[in-house]
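It should be emphasised that the depicted structure is a prediction, and the values quoted were computed from it without experimental measurement. In the text below, chain A, chain B and the rest are named by the order of the sequence lines, each starting its count at 1.
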Number of protein chains: 2
Amino acid sequence: MRDGSAARVPPERRATIKEVAEAAGVSRSTASRALTGNGYVAEGVRLRVRQAANELGYVVDAMARSLKQQSTRSIGVLVSDLRNEFYANLAAGASRQATRLGYTVMLIDDQGIPEDELAAAEAFVALRVAGVVATPVSAGATDFLLRQRVPVVEVDRRFSDGACDAVVIDNRGSARVVTRHLIDLGHRRIALLIDEDDWTTGRERREGYADALEAAGLPHERELVIPTGWDVEAAKAAALELLSSPGRPTAIFAANNVLAEGAWRAAAELGLRVPDQLSLAAFDDVPWMSMVTPGVTAVAQDAGAMGRAAVQTVVDRIADPAAGTRTIVLSAAVQLRGSTAAPSEVESDLRVG
Amino acid sequence: MRDGSAARVPPERRATIKEVAEAAGVSRSTASRALTGNGYVAEGVRLRVRQAANELGYVVDAMARSLKQQSTRSIGVLVSDLRNEFYANLAAGASRQATRLGYTVMLIDDQGIPEDELAAAEAFVALRVAGVVATPVSAGATDFLLRQRVPVVEVDRRFSDGACDAVVIDNRGSARVVTRHLIDLGHRRIALLIDEDDWTTGRERREGYADALEAAGLPHERELVIPTGWDVEAAKAAALELLSSPGRPTAIFAANNVLAEGAWRAAAELGLRVPDQLSLAAFDDVPWMSMVTPGVTAVAQDAGAMGRAAVQTVVDRIADPAAGTRTIVLSAAVQLRGSTAAPSEVESDLRVG
DNA sequence: GCGACTTATGAAATCGTTCCCACAAATATA
DNA sequence: TATATTTGTGGGAACGATTTCATAAGTCGC
């Protein structure tokens, strides 16, 4: 029985256009025209070539094509941590938009490491991607790409202000609204959990927080701005310390979803009731915030929309490299949930006492 | 001042190895050897070439290289939905392992659509990826890739049993353990929320559920196996109907994290206390399950590890295309949390009455 | 029936790289 | 000294496609 079946045995080597041309009895040029649709080809010939290609299982070699055409249909996407839902949604939006526009995506997760980011940028240049969408962690990668004449769109945060396109949200305004919300509820000691100050996101969120305090005539107390690490554990540790201290705040504003998770876990571990004993608000609305009880008040960035917009922008830029740079600012909604409420009397007493 | 700065103006066109060679005063062959490290090159010459390359901002054209070498250093990764944390973690693990092994990743999110999956497979072939890691949604893509002689590793679920390598977990065993756990707690009416039956994951989880019921001598009631849709809303709707019915189950086993989210939201909407009035267990342990109160008992698959293992497997396969196919079965731990407990007396009465 | 245009085809150059080969000089081995 | 062997270099042929150009036949308008 073996070898007796009619199953077609795949050939050792992949078919080339030359073989397709021979099978169809035409020249390579004609075969190319028949398959790509560029230039004149007689209808009968077109069909013959298409059929020959099918029978041989021919698939164009994108590299040979790009080499000749000196351009590719792929876009580099560089994110800091795919395991973080924000970046995953961003990448999903970018990927889908790219597919829709006929591009493929080269995705690299640089783990937030500047060296890896630079290596990724080099890989993108080597692969001659048509453009790059990146959530930068340093100025290095963008600089390198721009020097190499590769269109870049910075997403979420900016390092090369004005030198390239960008898609961001109104971090400062959103942070101000959230802080204002807490102040309006009666909070006077509002801590800000923040991982960094070097990025535009962190800086702007901090500024928005400060804006709101100032507008309300509240002091901007240094010890209430808590620098944390990058991951949940570090954030939790920082929050534990903060919440165990005598001058404990009545509200925490976490500058992103990871820090919010740390704060939430810390509060749970200390047995603090939210919102009675602690109000919690966050930047980045992720699913768990609407699943826990009470839900967590959060700034809802549409990461998927950011990814889509970034890809659209980079494709526009590829089409017109000379146009002036654009910065797209997307709005973000604040989802008010049960985690923010007026500080309780008891808490006020505790604070005073 | 403008144009007076010493800033180097990037050249219009990218430098080629020919230009590097000329700048260093050697032939293209020598320049190539100096940069790649293959073959003999005098030390002084090597340095001269490297410097020339640096000064010209030379970056090798990966496409020209691959065309000549007839191989690439990139791997195609195909997932169903990057917004789902399971796939995001899988992709993150795959991406990082690929980077570690010197490969770049072409990522495509096929949205679970068979046509898109096939189109992605074609794109991978066109780009001549060295191998593909995929969470298949139909047999088509894998078949096509195998016919095209592209190494494929199926992850999470299988369509081409034995025809290619695979990385999966013990779905049946894990489902059995969870169901058994619910039975041991005293549950007799345990519903299974499941999205599909066509994939190995769904089938095996269902079998594990059935195994446990049978082993306990419990009837396998048809109306307790609930087919849901793919998204949270559909799952929630199905769960709402189930939980509002007179013969309502005392426990729900959700076959994945999306369905679990739907069930959780449904229970919350109906005001059912977990675990007093309803026990909930799930497949796929995602962060929210340990953040809500009570935590949700879940099978913890390490998606990142699956992605890593898949990439490792496909790279091994690239190295030895003739070796027999392997199926790697990773173990999954069951995280027991507060959402599963013995059914309350009141509930039992309700059920009887 | 003659120029102008459209349609159709194939030969050959080209994209940027690698790598086989030929050759030469330096070094090691007999 | 004669002969291998190692080290170093450059010429040129690939890799697989696209695309320019030349050529030729058919069509149109007059």
Side-chain angles (χ1 to χ4, degrees), chain A residues 11-50 52-53 56-74 122-123 125-130 148, chain B residues 11-50 52-53 56-74 122-123 125-130 148:
Chain A
E12 267 313 306
R13 266 172 46 78
R14 229 183 291 275
T16 68
I17 200 169
K18 189 177 163 211
E19 282 144 16
V20 172
E22 280 165 5
V26 296
S27 70
R28 297 203 317 283
S29 325
T30 303
S32 173
R33 281 189 299 257
L35 294 173
T36 60
N38 297 330
Y40 294 114
V41 190
E43 190 52 28
V45 173
R46 187 197 311 281
L47 291 175
R48 246 175 35 234
V49 173
R50 291 256 164 97
L56 292 171
Y58 172 79
V59 177
V60 70
D61 186 324
M63 287 171 314
R65 170 182 283 174
S66 317
L67 179 60
K68 169 65 182 164
Q69 296 184 328
Q70 293 290 82
S71 69
T72 64
R73 295 287 283 180
S74 55
E122 276 207 68
V125 173
L127 289 158
R128 302 295 192 259
V129 295
Q148 290 282 341
Chain B
E12 267 315 305
R13 265 172 46 78
R14 230 182 290 275
T16 69
I17 201 171
K18 190 178 163 209
E19 283 146 15
V20 173
E22 280 166 5
V26 295
S27 70
R28 291 195 334 277
S29 321
T30 303
S32 173
R33 280 189 301 261
L35 294 173
T36 61
N38 297 330
Y40 294 114
V41 189
E43 190 53 27
V45 172
R46 186 195 313 281
L47 292 175
R48 240 170 46 230
V49 173
R50 291 257 163 97
L56 292 171
Y58 171 78
V59 177
V60 69
D61 186 325
M63 285 172 315
R65 169 181 285 174
S66 313
L67 179 59
K68 169 66 184 162
Q69 296 184 329
Q70 293 291 79
S71 69
T72 64
R73 295 289 281 179
S74 54
E122 276 206 67
V125 173
L127 288 158
R128 300 296 192 260
V129 295
Q148 290 282 340

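- The interatomic distance linking Leu56(B) (CG) with dG16(C) (P) rounds to 14 Å, in whole Å.
- The phosphate of dC19(C) (OP1 or OP2) has no side-chain N or O of Ser29(B) nearer than 4.0 angstrom.
- Atoms CG (Asn38(B)) and C1' (dC21(C)) sit 17 Å apart, rounded to a whole Å.
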Considering only nitrogen or oxygen atoms on both sides, find all protein atoms under 3.5 Å from nucleotides 5-7 of chain C and state each distance.
| residue | atom | partner | partner atom | Å |
| --- | --- | --- | --- | --- |
| dT7(C) | OP2 | Tyr40(A) | OH | 2.6 |

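- Side-chain N/O atoms of Gln69(B) include one lying less than 4.0 angstrom from OP1 or OP2 on dC19(C).
- The closest side-chain heavy-atom distance from Gln70(B) to Arg13(A) is below 4.5 Å.
- Computed from coordinates, the Arg128(A) CZ to dC15(C) C1' distance equals 11 Å when rounded to whole Å.
- dT17(C) atom P lies 10 Å from atom CE of Met63(B), rounded to whole Å.
- The nearest heavy atom of DNA chain C to Val41(A) and to Arg28(A) marks one nucleotide each, and the one closer to the 5' end goes with Val41(A).
- Side-chain contact between Val26(B) and Arg48(B): present, with at least one pair of heavy atoms (C-beta onward) separated by less than 4.5 Å.
- The side-chain heavy atoms of Val49(A) and Arg33(A), taken from C-beta on, include no pair separated by under 4.5 Å.
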Stepwise side-chain contact (heavy atoms from CB on, under 4.5 Å) check, Arg128(A) with Val59(B): CA-CA 10 Å; Arg128(A) 302 295 192 259; Val59(B) 177; 4.2 Å; yes
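- Note: CD (Glu43(A)) to P (dA8(C)) measures 9 Å, nearest angstrom.
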side-chain contact (heavy atoms from CB on, under 4.5 Å) assessment of Arg14(A) paired with Val125(B): CA-CA 10 Å; Arg14(A) 229 183 291 275; Val125(B) 173; 3.8 Å; yes
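- Mapping heavy-atom proximity under 4.0 Å, the span of DNA chain D touched by chain A runs 5' to 3' from dG16(D) to dT19(D).
- Counting heavy atoms from C-beta on, the side chains of Arg46(A) and Leu35(A) never come closer than 4.5 Å.
- Nearest heavy-atom pair, Tyr58(A) versus Ile17(A), reported as atom, atom and distance to 0.1 Å: CE1-N, 3.4 Å.
- Two residues are said to be in side-chain contact when any heavy atoms from C-beta on lie closer than 4.5 Å; Met63(A) and Thr72(A) fail this criterion.
- Among the heavy atoms of the strands, none lies under 4.0 Å from Ser66(B).
- Neither side chain, Ser32(A) nor Ser29(A), offers a donor N or O lying under 3.5 Å from an acceptor on the other.
- Residue Thr30(B) is the one, among Gln70(B) and Thr30(B), whose nearest nucleotide of DNA chain D lies closer to the 5' end (criterion: closest heavy atom).
- The CD1-P distance, from Ile17(A) to dG10(C), rounds to 12 Å in whole Å.
- Considering only the side chain of Val26(A), dG10(C) comes nearest among dG10(C), dT17(C), dG16(C).
- When the P atom of dG16(C) is taken as reference, atom CD of Glu19(B) falls 8 Å away, rounded to whole Å.
- A donor and an acceptor atom sit less than 3.5 Å apart, one in the side chain of Arg33(A) and one in the base of dG10(C).
- Backbone-only engagement by Thr16(B) is indicated by non-hydrogen atom pairs under 4.0 Å involving sugar-phosphate atoms exclusively.
- Not a single donor-acceptor pair under 3.5 Å links the side chain of Gln69(A) to the backbone N or O of Ser66(A).
- Counting to the nearest Å, the P atom of dC19(C) and the CZ atom of Arg65(B) are 9 Å from each other.
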